[in-house]
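Have a look at the structure below before the remarks.
Counting convention: from 1, in listed order, for ligands and their atoms alike.
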Amino acid sequence: MSSHGAPIPMTSTPCGPLHGTAVVPGDKSISHRALILGALSIGETRIRGLLEGQDVLDTAKAMRAFGAEVIDHGGGNWSVHGVGVGGFAEPGTVIDCGNSGTGVRLIMGAMATSPITATFTGDASLNGRPMARVTDPLALFGTQSYGRSGGRLPMTIIGAADPVPVRYEVPVPSAQVKSAVLLAGLGAPGQTVVIEQEATRDHTERMLAGFGAQISVEDTAAGRVITLTGQPELTAQEIDVPRDPSSAAFPVCAALIVPGSDVLVPGIGLNPTRAGLFTTLRDMGADLTYENERLEGGEPVADLRARYSPDMKGIEVPPARAASMIDEYPVLSVVAAFARGQTVMRGVKELRVKESDRIDAMATGLRANGIAVDEGPDWWIVTGLGHGKVPGGATCASHLDHRIAMSFLILGMAANAPVAVDDGGPIATSFPIFEPLMGGLGAQLQRLEVAPV
Ligand code: S3P
């Protein structure tokens with residue numbers, strides 16, 4: 001099933017060279033945060049280039065339910081009239097975050113230190129994902145949560161009426177957990193301290209500073225120590241959302257594996273906590289260059305140019321790089337199939353608790369398409385066959401996971417036979433223009449008609 005409606009089976013047929021400019025949508029992580037911090041600030045926050053994918057639209061709807069005025073002005077221009085820190089109203093409806101782990105976890109944090117109650121739910125994928133990683137630290141503030149067994153949604157959160165600040169060491173490398181604790185810390189008096197062993201995406205820290213919060217980040221022997229002073233008055237901002245590196249990954253990887261391709265992907269956010277895939281591809285021998293490197297809205301940005309790269313080799317991806325490319329392992333595993341030798345990916349246990357178990361979903365589909373994959377609890381190895389040698393020909397399950405669906409469609413562009421997915425519907429959660437964008441470059445994507453039942 002797709003996340004919002006009937007399944008949309010799709011096929012990707014091997015295609016000729018991909019050419020042109022791929023203008024991908026705004027960054028999903030930054031879009032969620034812009035809406036949430038806009039809602040927690042005083043005044044009108046204007047956002048340009050917001051990702052209008054379903055995940056972010058669900059967060060916009062949630063912010064309205066908590067009392068903010070969120071207006072869509074068209075063309076990716078949005079405004080948010082916030083209610084200020086501590087100003088959230090109690091929602092009159094259940095908050096449905098759809099497919100979005102980022103949406104639900106960040107919003108739980110943002111409401112956790114207000115004296116209100118909210119009930120959260122999502123689609124079948126989100127309702128199967130672990131929430132204790134967020135509700136455990138929120139309990140330290142005095143927040144109560146009542147969910148299904150295993151800490152799953154649907155779940156009711158009772159915000160702390162009299163919150164205390166916390167000091168919390170994040171036990172898993174997760175920007176969602178870190179961000180939930182920081183957003184909850186906004187509502188508590190005094191200093192909330194979050195410590196992470198591995199640096200994860202830092203958009204929340206950067207944006208909190210931009211909205212006027214007192215926040216410091218220190219790299220110490222004990223890890224990255226983030227200190228936030230609670231109960232600030234956040235001031236509305238103008239936000240230009242950079243284009244999403246996690247979406248750019250798809251046209252970039254397609255260009256590297258489809259013979260004769262040359263694709264420009266302009267204006268991509270290259271925050272070092274997000275750009276691990278591009279470094280890895282270059283380590284594998286990809287012809288991938290950064291042009292026109294610049295700073296936009298405090299984030300490093302460049303135009304990416306990707307050309308067909310027939311001589312890529314498998315490598316051991318440094319585990320220390322995992323957090324900076326965690327969403328890109330599925331499409332990396334597709335590129336790895338076209339490289340020579342083994343691509344070894346270790347330290348990636350978190351892949352098992354994303355929108356799907358991404359190691360299992362990719363390994364199963366890659367094997368069905370003739371590629372050998374070995375796997376363990378926190379590692380997997382793809383044995384590349386080299387260009388022109390990847391059989392393809394199978395239908396893969398996308399498991400309500402946008403990145404799994406897109407990765408297999410990229411595989412079909414360069415395999416020897418078409419590759420299908422059972423449901424391309426989830427692609428709309430993060431990359432609603434994926435089909436026309438890839439089609440405009442020369443990809444052959446088809447939706448298959450499903451007979452009505
Ligand atoms: C995100 C953090 C990551 C990532 C997700 C977006 C964020 O999740 O996989 O797509 O915006 O904070 P984790 O925090 O679970 O690693």
- Message: Out of all atoms in ligand 1, which are within 4.0 Å of some heavy atom of Pro173? Include the element for each.
- Response: 16 (O)
- Message: Any nitrogen or oxygen of Arg403 lying under 3.5 Å from a nitrogen or oxygen in ligand 1? Just yes or no.
- Response: no
- Message: For ligand 1 and Ser179, I'd like to know whether there is a polar contact (N/O to N/O, distance under 3.5 Å).
- Response: no
- Heavy-atom gap Lys178 to ligand 1 smaller than 4.0 Å: no
- Message: Students should be able to answer this: which protein heavy-atom is nearest to atom 4 (C) of ligand 1, and at what distance?
- Response: Asp327 OD2, 3.3 Å
- Query: Does the distance from a Lys or Arg side-chain N to an Asp or Glu carboxylate O, for Glu350 and Arg352, drop under 4.0 Å?
  - Reply: no
- Query: Less than 3.5 Å between some nitrogen or oxygen of Glu350 and one of ligand 1, yes or no?
  - Reply: no
- Message: Between the side chains of Arg224 and Glu198, is the shortest nitrogen-to-carboxylate-oxygen separation below 4.0 Å, so that they form an ion pair?
- Response: no
- Message: Between Lys28 and Ser246, is there a side-chain donor-acceptor contact under 3.5 Å, judged purely by atom types and distance?
- Response: no
- Item | Identity and distance of the protein heavy atom lying nearest atom 11 (O) of ligand 1 | Ser29 OG, 2.7 Å
- Fit a plane to each ring of Phe431 and Phe250, take the angle between them on a 0 to 90° scale, and name the class: parallel (under 30°), tilted (30 to 60°) or perpendicular (over 60°). tilted
- Does a salt bridge link Asp202 with Arg274, judged by any charged N lying under 4.0 Å from a carboxylate O? no
- Message: Starting from atom 6 (C) of ligand 1, what is the nearest protein heavy atom, named by residue and atom, and what distance separates them?
- Response: Thr102 OG1, 3.2 Å
- Message: If you count every heavy atom of other residues, nucleotides or ligands that lies below 6.0 Å from Glu238 atom CD, does the total exceed 12?
- Response: yes
